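Worksheet: the structure to be examined is printed underneath.
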Amino acid sequence: MAFFSSTKKVKPAKRLTGSVRVPGDKSISHRYAMLAAIAEGPSEVHYFSSSADCRSTLACLEKLGAKIERKDETLTIQGGGLKGLRQPSGRLDAGNSGSTMRMLGGILAGQSFRSVIEGDASLSRRPMERVVEPLALMGARIRTAEGGLPPLEIEGGELRALRYELPVPSAQVKSAVLLAGLYAGGQTEVVEPLPTRDHTEIALEQMGAEIGRHGQTIAVRGPARLEGRKLYVPGDISSAAFFIAAALVVPESNLVIQNAGLNPTRTALLDLLVPLGGRIKVLNVEMINGELLGDLHVESSALEGGEVPPEAVPGLIDELPVLAVLGTQAERGLSFRGAQELRVKETDRIRALAENLRRMGAEVEEFPDGLRVAGKQRLRGAEIESYGDHRIAMAFAVAGLVAEGTTVIHDSGCVDISFPGFFQELARVTE
Ligand code: S3P
């Protein structure tokens, strides 16, 4: 696909300085757009993510009849209420976005029409049974391709409230059930084995739903009525992660990342790195729409490394690729287990990390559910295969900054999935 075809060269860096702004948070942007579309009245969403994934969500919502206007980073959405969507003509296309397919699946389950949602080649290999099971228990009729794979054909209708224990800690599945719960009569409950990002819960509360948490159980009451409102999206901490890692490992760096989201369910990277010696300061913290945000000041650091505790893995799931790269520069290297979910992301990220790190001459051990990288390694510039995965491409751009010689990243255009302009922004703050 031409979209993913470009190649980028990354040269060793002397330092990173100045200040960067990352795109609006992708997870929050998906949720604000979906909720605004089923709320009553207008919503204004500021600093909406520029990512291709969030464009997929908007395109699906428009096909479902939502009225959306976009001017630069601001969206205006005229919500038609819970039942205001209409049957799309043709299939909905979630592109590369698992969040779009799984979370929208929850909303589509509550509609009185049939719809089909499909994705690109990568998304078409990702497991959907995890959302199909609870939504079917609530009364939706859903067909998948063989093996529980996309496309999803969803015959929505009257839904029953459900108490559901998540078999995998997944914010997307939790959200799909909570969104379907808006349409069901009574209290829908989701029990999570480990905490995952809680943006759906926060956004639902902001928009007037009856939602609460008790221990590991989240409960929402349906049928709900959501109110449109003005919303502001913080910068994406998972995009900031690449700049945080780069500034930590490139000597003499001193970098500020502005307006990064600091929701405690998303800051596991900071919680892990600071005790390992990462010089990261959080400044100017404020709360907007129930979400914390602030500036991050990062300086190059001697990192100790070690083992990532398995219970920290769900909170770090999107940061593990760059963390593996960072581990090669830490004193004791880095290892993580319990991350089998990484094998079913946009690509098999464990495989892609092991393969590309080895190409750079790193010592790596691959496990079914994780990786161990040795520390204090001299990486060599190499030909890197992104496998069309945005986080692999960006993680190896960071590796290229500390490698000897030139690193060539193939299929680098995939960074648009979460961070259009990533390479330009990196070049701007790199000497
Ligand atoms: C997301 C949840 C995570 C994460 C993904 C975004 C979300 O996926 O990897 O990038 O916005 O809820 P899972 O829910 O599959 O763990």
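Since the structure is predicted, the reported quantities are computational estimates derived from the model, not experimental observations. Quick note: residue numbers are just sequence positions, from 1. All ligand and atom numbering here is 1-based and tracks the order in the structure.
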Charged N-O contact under 4.0 Å between Arg31 and Glu291
no
Check whether Phe48 forms a cation-pi arrangement with Arg70 (NZ or CZ under 6.0 Å from the six-membered ring centre, at most 45° off the ring normal).
no
Glu341-ligand 1 polar pair, N/O distance under 3.5 Å
no
If you take the centroid of each ring, where Trp contributes its six-membered ring, are Phe422 and Phe243 closer together than 6.0 Å?
yes
Shortest protein contact, atom 14 (O) of ligand 1 (heavy atom only):
Ser170 OG, 2.7 Å
Please determine whether a side-chain nitrogen of the Lys or Arg among Arg359 and Glu385 lies less than 4.0 Å from a carboxylate oxygen of the Asp or Glu.
no
The answer for which part of Arg102 has a heavy atom under 4.0 Å from ligand 1 is side chain
What I want to know is whether Gln172 and ligand 1 share at least one N or O pair that is separated by under 3.5 angstrom.
yes
The closest protein heavy-atom partner of atom 11 (O) of ligand 1 is Ser27 OG, 2.7 Å
Out of curiosity, is Ser175 lining ligand 1, as in a heavy atom under 4.0 Å away?
no
Using a 3.5 Å cut-off on N or O atoms only, is Arg391 in polar contact with ligand 1?
no
Per-atom contacts of ligand 1 with Ile317, taking only distances under 4.0 Å to non-hydrogen atoms
9 (O)
Determine, using heavy atoms of Lys345 and all atoms of ligand 1, whether some pair is separated by less than 4.0 Å.
yes
Is the shortest side-chain N to carboxylate O distance from Arg141 to Glu153 below 4.0 Å?
no
Quick test of your reading of the structure: of Lys174, Arg31, His30, whose heavy atom lies closest to atom 12 (O) of ligand 1?
Arg31
Which atom names give the shortest non-hydrogen contact between Leu320 and Leu353, and what distance separates them?
O-CD1, 4.4 Å
Just distances here: any N/O of Ala171 and N/O of ligand 1 closer than 3.5 Å?
yes
Salt bridge flag under 4.0 Å for residues Glu366 and Arg343
yes
Looking only at protein heavy atoms, which one is nearest to atom 10 (O) of ligand 1, and how far off is it?
Asp318 OD2, 2.9 Å
Any donor-acceptor pair under 3.5 Å linking the side-chain atoms of Ser99 with those of Lys26?
no
